[in-house]
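Here the structure is laid out as structure tokens; the discussion comes afterwards.
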2 protein chains.
Amino acid sequence: MEILIDTDSAEPIFGQLISQIKQLINSDAIQPGFQLPSIRQLATDLGINQNTVAKAYKLLERDAVIVSKGYRGTFIHPQAKQNCLVDHSQQARLLLSQTIGQLRELGLTDSEIRLQFAELLKDRTLVEPV
Amino acid sequence: MEILIDTDSAEPIFGQLISQIKQLINSDAIQPGFQLPSIRQLATDLGINQNTVAKAYKLLERDAVIVSKGYRGTFIHPQAKQNCLVDHSQQARLLLSQTIGQLRELGLTDSEIRLQFAELLKDRTLVEPV
DNA sequence: ACATGTACCACACGATCTAGTAGTACATAT
DNA sequence: ATATGTACTACTAGATCGTGTGGTACATGT
């Protein structure tokens with residue numbers, strides 16, 4: 001499994017990791033069930049921080065591209081290739097654009113919308129019911 | 001009509017104007033039909049910029065607290081006292097909190113939500129249908 | 001000619017916030 | 001003891017935003 005990191009790139013490292021891992025899956029270089037290197041292993045190999053790798057893995061797992069099995073390691077998800085194409089941003093775009101449109105119709109200033117949004121986003125109770 | 005501006009205050013000048021004008025209305029110091037000083041007049045009286053006064057007036061008119069009658073001047077709105085209490089932020093809060101909750105349930109990161117939001121807010125076509 | 005509200009633009013200062021990364025520590029299970 | 005994923009804090013550079021200002025221009029109606 002070959003991954004190259006460009007520290008000078010504008011794209012963040014964890015983003016490069018995600019892109020390249022997805023590409024390896026799409027090109028069938030690695031297939032479902034394949035065990036990925038551990039977070040520490042990959043981090044030291046690439047000369048980057050563990051948290052950076054952990055972040056990439058976490059996002060990949062959220063999108064069901066890989067699966068973490070705790071101390072046993074991390075593996076390619078059975079439907080990895082299919083899930084690589086899912087775009088969560090699409091749904092977000094739709095929901096948000098509708099909301100913004102409504103708020104603007106109410107006459108709210110963009111500044112006011114921004115302010116409310118920033119405050120609400122700090123509030124974690126919006127998804128976990130306390 | 002006495003208005004005092006504290007340049008050293010953390011609250012922006014246009015905010016101080018809005019607050020104090022609302023308070024004058026609530027305390028019956030000025031009543032519906034009362035003619036407010038013109039933008040230029042108030043600006044020079046307080047030693048602040050015209051645009052700052054214009055901004056305050058504009059927001060007050062949006063919330064139906066005052067009414068601009070063009071070259072004839074600006075007046076206190078008939079239902080000013082009542083409209084002083086209307087909080088547009090309330091509706092915004094509700095709409096936004098619902099949307100944010102849904103996006104989080106989808107598993108989206110706050111970073112991702114923020115990004116989408118920032119991009120969409122730049123798009124003015126969301127309310128004006130081109 | 002004059003005063004009114006309104007609408008732009010551009011700029012600068014300051015404050016705030018965010019992303020990205022790094023370091024460290026922890027619980028688990030072999 | 002060792003390896004795994006995970007969670008927390010902290011830091012720094014950079015971007016972003018708001019505010020206020022200044023200037024100019026316009027249409028309106030007296």
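Computed over heavy atoms, backbone and side chain alike; hydrogens, waters and symmetry mates excluded. The sequence lines fix the lettering, A, B, ..., with proteins before strands; numbering per chain opens at 1.
Dashed line: the shortest gap from a side-chain N or O of Thr52(A) to OP1 or OP2 of dG20(C) is not under 4.0 Å. Checking the phosphate oxygens (OP1, OP2) of dC17(C), no side-chain nitrogen or oxygen of Arg114(B) falls inside 4.0 Å.
One atom, CZ of Phe117(B), and another, C1' of dC17(D), lie 12 Å apart when rounded to the nearest Å. Rounded to whole Å, the distance from NZ on Lys55(B) to P on dC8(C) is 15 Å. Note: CD (Glu119(B)) to C1' (dT16(D)) measures 14 Å, nearest angstrom. In this structure, CD1 of Ile113(B) is placed 11 Å from P of dA19(C), rounded to the nearest angstrom. The CG atom of Leu59(B) sits 16 Å away from the P atom of dG5(C) (whole-angstrom rounding). Straight-line distance from the CG atom of Asp8(B) to the P atom of dG14(C): 14 Å, rounded to whole Å. Per the geometry, CD1 belonging to Ile5(B) stands 15 Å off C1' belonging to dT21(D), to the nearest Å. If you measure from atom CZ of Phe75(B) to atom C1' of dG5(C), you get 12 Å, rounded to the nearest angstrom.
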Using the rule given for side chain to side chain contact (heavy atoms under 4.5 Å, CB included), can you reason through Tyr57(B) versus Ile39(B), listing the C-alpha separation, both sets of side-chain angles and the distance that settles it, and then say yes or no? CA-CA 8 Å; Tyr57(B) 275 24; Ile39(B) 290 179; 3.8 Å; yes
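In this structure, of dG20(D), dG22(D), dA19(C), it is dA19(C) that holds the atom nearest to the side chain of Ser111(B).
Using a cutoff of 4.0 Å between basic side-chain nitrogens and carboxylate oxygens, Arg62(A) and Glu112(B) are scored as salt-bridged.
Counting only N and O atoms by type, the side chains of Gln50(B) and Thr44(B) include no donor and acceptor under 3.5 Å apart. No hydrogens or angles considered: nothing links the side chains of Thr99(B) and Gln98(A) as a donor-acceptor pair under 3.5 Å.
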Per-nucleotide protein contact along nucleotides 3-11 of chain D, 5' to 3', at a 4.0 Å heavy-atom cut-off (B base, S sugar-phosphate only, - neither), is -BBBBB---
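Aromatic pair Phe117(B)/Phe117(A): centroids less than 6.0 angstrom apart.
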